Amino acid sequence: MERSTTILVVCSIVLPVLFMVSTMYRNSISDLFGTLSKAKFLTRKVQNVAELEIDDKNGLVNPVFDERTCFSRFQSNLYRKISPQKPSPYLISKLRSYEDLHKYCGPHTESYNRTLKRLDSKNITSTNCKYIVWIPANGLGNRIISIASSFLYALLTNRVLLINHGTDMDDLFCEPFPNTSWLLPKDFPLKNQFASSKLRYAHSLGSLLKSSATINNSKELKSPSFLYLNLGHGDYDLDQAFYCNQTQQALQKIPWLFLLSDQYFAPSFFLDPPFKQEASKLFPEKETVFNHLGNYLFNPSNQAWGLITRFYQAYLAKADEKIGLQIRVFNVNATPFERVMDQILSCTMQEKLLPEVDTKKESLPSPSKNPILKAILITSLYPEFYENISNMYWTRPTVNGEVIEVYQPSHEEYQHFGDNMHNMKAWAEIYLLSLSDVLVISSWSTFGYVAQGLGGAKAWILSKPGHRNPPCQRAISMEPCFHFPPRYNCSSKNKIDSGDLAPYLRHCEDRRGGIKLVKDQEELQQ
Ligand SMILES: *[C@@H]1O[C@H](CO)[C@@H](O)[C@H](O)[C@H]1NC(C)=O
Ligand SMILES: *[C@@H]1O[C@H](CO)[C@@H](O)[C@H](O)[C@H]1NC(C)=O
Ligand SMILES: *[C@@H]1O[C@H](CO)[C@@H](O)[C@H](O)[C@H]1NC(C)=O
Ligand SMILES: *[C@@H]1O[C@H](CO)[C@@H](O)[C@H](O)[C@H]1NC(C)=O
Ligand SMILES: *[C@@H]1O[C@H](CO)[C@@H](O)[C@H](O)[C@H]1NC(C)=O
Ligand SMILES: *[C@@H]1O[C@H](CO)[C@@H](O)[C@H](O)[C@H]1NC(C)=O
Ligand SMILES: *[C@@H]1O[C@H](CO)[C@@H](O)[C@H](O)[C@H]1NC(C)=O
């Protein structure tokens, strides 16, 4: 069902009216003014004639939610253009039925309690509710893309996704599912053992397959009550069998799957049976998988939303154009900052993303009273790039008279793990980047992938420092890259090239061995 409604408001008020638009679809002008009078949370100036798209993210948001528990869920489109990529009606209905399932199976429900009893029993008669317990690995960007992939896996297998986040992820996101919780309860019996190698390896898919003489016959695989899936990039060689049809048949019966991954493995479900068909039905536009799932799952909590909106209003709101520069330096000791800086400048100048400065000795101040104002938002662990760029635009005028402001919310020198406020700021930065009109991101960085995917636009990806020709390239799709895709054919066990298997899969710009979903030819012809 299409829940999005456009209302044309003609106001005779001369002064700008500040207001926000609340939750659901309202069809009459009187309803709209009812909303206006309640406007406590002022966000965007709307003048005289305004065309308002009531914000429900194209139907992704379930209208039963109370706005006050999560302002971002209803206000994000006041900061970001509504995505032209609409989710399929099938995806919307699938999300609504997933929400029902999650409410039925969620923490401490009767069904949950019953399934929990199976954890330590040999009785594996089928259960109504089956679960994926997601376990974090690596930094925030990796976690976000891995949760999104795990959620797609849950949708495809009718499982319920529970998040075992540590305290360092407390309060980053709103609860995505109505009247229930996606957080794994603190009293979950095996919670303290998720990091232990005993649980990770003795009960892993890999060791199950190894111990089973007949890997190729799913019926003879003994089904345990729980299984650990190591899908992280480090140690999942054997578990690449995870992506095979037969393994998936065997996993069907297991009530509890513990899933550890730092990867965007969503593209694997578009590769082969058994999920290819259903995944394509959910996402007829394959480039939009992360954009829709990300905007559905990851609404900033009220605290994070405060960080985002205060920064936006103070520094970015008045700019005619917002340019996001996400600069990640992976090997700091071996990479001189000047080399990175050279590369950023040659990318942004060559692609005309930033104006050149006038280097003539006597350059005149710009005569214009209302010059075009561009705001550059830099995110980096280091202050040097900010200092260089802001200095460059302060000491010299631009050749075209544009005025450039440069901002960097934070620089923390190194990536903290296990620190809630660090993650809160990182999340605010990712989100602010996603609101840019033009985005430049670093190779290999999941932080940049998330900003690009949430924003729903193709970024320019900086080449790795040292690979200077070209200094950057336009992304072929807004999807994140799956860095370590399956490399073997499940039946023949031969090596395969996953980037060659379908018209909607290509090698990533920043990692040839990786794959990403792109618009396929059929879509392009429509
Ligand atoms: C499930 O178990 C928890 C704790 O053991 C208990 O508090 C809760 O009431 C149970 N739920 C139901 C619906 O029985
Ligand atoms: C297994 O659990 C089901 C449901 O709780 C129960 O009906 C059945 O009797 C159990 N089987 C055994 C062998 O314990
Ligand atoms: C969800 O819970 C709230 C109270 O917490 C209640 O008012 C609302 O009706 C519930 N919604 C649904 C769909 O159950
Ligand atoms: C499994 O594979 C082995 C060796 O490839 C083969 O001999 C056996 O027949 C297969 N079993 C089944 C059930 O397909
Ligand atoms: C997937 O595996 C199941 C069980 O082994 C089999 O019945 C089914 O035909 C397979 N599907 C495809 C498309 O290969
Ligand atoms: C900024 O970086 C460029 C490229 O490394 C360098 O040539 C320039 O001198 C730097 N400017 C400042 C003000 O640091
Ligand atoms: C995998 O191998 C089988 C059997 O050799 C073949 O039929 C199939 O086309 C291969 N699949 C891919 C994706 O290469």
Side-chain angles (χ1 to χ4, degrees), residues 102-120 127-129 131 160 162 179-181 183-191 215-216 240-241 243-248 267-277 325 327 329 332 335-350 354-359 376 378 380 382-398 404 406 408 411 440 462-463 465-466 468 471-472 485-507 515:
H102 198 115
K103 205 168 123 193
Y104 175 77
C105 298
H108 297 134
T109 56
E110 201 200 324
S111 338
Y112 170 89
N113 286 356
R114 215 180 318 123
T115 317
L116 200 57
K117 289 206 189 99
R118 302 293 171 80
L119 255 187
D120 47 10
T127 53
N128 288 333
C129 295
Y131 299 85
V160 167
L162 296 177
N179 289 59
T180 179
S181 171
L183 302 180
L184 185 75
K186 298 229 183 309
D187 59 4
F188 189 81
L190 295 172
K191 197 175 162 81
I215 293 178
N216 49 0
Q240 282 217 332
Y243 300 106
C244 297
N245 177 24
Q246 284 181 325
T247 312
Q248 289 300 329
S268 68
F269 303 123
F270 292 81
L271 268 176
D272 279 314
F275 302 124
K276 187 175 167 179
Q277 220 177 352
L325 285 184
I327 307 167
V329 184
V332 182
T335 317
F337 283 152
E338 299 79 56
R339 201 191 291 162
V340 182
M341 198 61 233
D342 280 348
Q343 180 155 27
I344 295 166
L345 292 178
S346 37
C347 167
T348 50
M349 300 299 154
Q350 210 164 301
L354 290 176
E356 308 216 8
V357 289
D358 192 344
T359 52
I376 304 177
I378 297 182
S380 169
Y382 311 98
E384 282 84 352
F385 309 109
Y386 163 81
E387 282 161 11
N388 185 300
I389 294 175
S390 60
N391 198 41
M392 177 174 94
Y393 285 115
W394 185 34
T395 52
R396 291 273 147 198
T398 57
I404 308 294
V406 191
Q408 177 169 353
H411 53 87
V440 179
L462 291 166
S463 309
R468 297 181 48 190
C472 61
R487 287 167 301 173
Y488 296 99
N489 178 327
C490 295
S491 40
S492 70
K493 309 278 191 277
N494 289 334
K495 254 194 153 159
I496 49 163
D497 177 355
S498 304
D500 258 3
L501 296 182
Y504 46 79
L505 281 167
R506 298 257 297 273
H507 291 289
I515 55 168

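No experiment lies behind these values; they were computed from the predicted model shown. Just follow the structure's listing: the first ligand is 1, and inside any ligand the first atom is 1.
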Completion exercise
Filtering D342, T395, L345 for the heavy atom nearest atom 4 (C) of ligand 6 leaves D342

Practice task
Identify the two heavy atoms, one from P185 and one from P107, that lie closest to each other, and give their separation to 0.1 Å.
Solution key: CG-CB, 3.5 Å

Problem - Heavy-atom pair with the smallest gap, counting every atom of L462 and C347 - result: CD2-CB, 3.8 Å

Practice task
Determine whether I404 and P355 make a side-chain contact, defined as any pair of heavy atoms from C-beta on separated by less than 4.5 Å.
Solution key: yes

Exercise for the section: Taking only heavy atoms of L501 into account, list the atoms of ligand 7 that are under 4.0 Å away from them. Expected result: 13 (C)

Fill in the blank from the handout: In terms of heavy-atom contacts, K276 and L271 come closest through CD-O, 3.6 Å

Exercise for the section: Mark yes or no for whether Q343, through its side chain, and P471, through its backbone, hold a donor-acceptor pair below 3.5 Å. Expected result: yes

Problem - Nearest heavy-atom neighbours spanning P189 and L116 - result: CD-CD1, 3.8 Å

Handout entry: Element-labelled atoms of ligand 6 that are located less than 4.0 Å from some non-hydrogen atom of E338
Key = 5 (O)

Handout entry: Mutual orientation of the aromatic rings belonging to F275 and F269 [parallel < 30°, tilted 30-60°, perpendicular > 60°]
Key = perpendicular

Handout entry: Test item: protein heavy atom less than 4.0 Å from atom 9 (O) of ligand 6
Key = no

Practice task
Would you check whether N388 has a nitrogen or oxygen atom less than 3.5 angstrom from a nitrogen or oxygen atom of ligand 6?
Solution key: yes

Exercise for the section: Can you pull out the closest protein heavy atom to atom 5 (O) of ligand 7? Residue, atom name and distance to 0.1 Å, please. Expected result: S492 CB, 3.5 Å

Exercise for the section: Look only at interatomic distance and state if N489 has a nitrogen or oxygen under 3.5 Å from any nitrogen or oxygen of ligand 7. Expected result: yes

Problem - Heavy-atom proximity to atom 14 (O) of ligand 1, best of N113, D187, T109, L116 - result: N113

Practice task
Determine whether the side chain, the backbone, both or neither of N494 has a heavy atom under 4.0 Å from any heavy atom of ligand 7.
Solution key: neither

Practice task
Please report the closest heavy-atom contact between V357 and R396, naming both atoms and the distance.
Solution key: CB-CB, 3.7 Å

Practice task
Could you tell me whether atom 2 (O) of ligand 6 has at least one protein heavy atom nearer than 4.0 Å?
Solution key: yes

Exercise for the section: Give the residue, atom name and distance (to 0.1 Å) of the protein heavy atom nearest atom 13 (C) of ligand 6. Expected result: N391 ND2, 3.0 Å

Practice task
Could you tell me whether some N/O pair between E110 and ligand 1 is separated by less than 3.5 angstrom?
Solution key: no

Fill in the blank from the handout: For S491, the atoms of ligand 7 under 4.0 Å from one of its heavy atoms are 1 (C), 2 (O), 3 (C), 4 (C)

Handout entry: Student check: side-chain heavy atoms of V329 and F337 closer than 4.5 Å
Key = yes

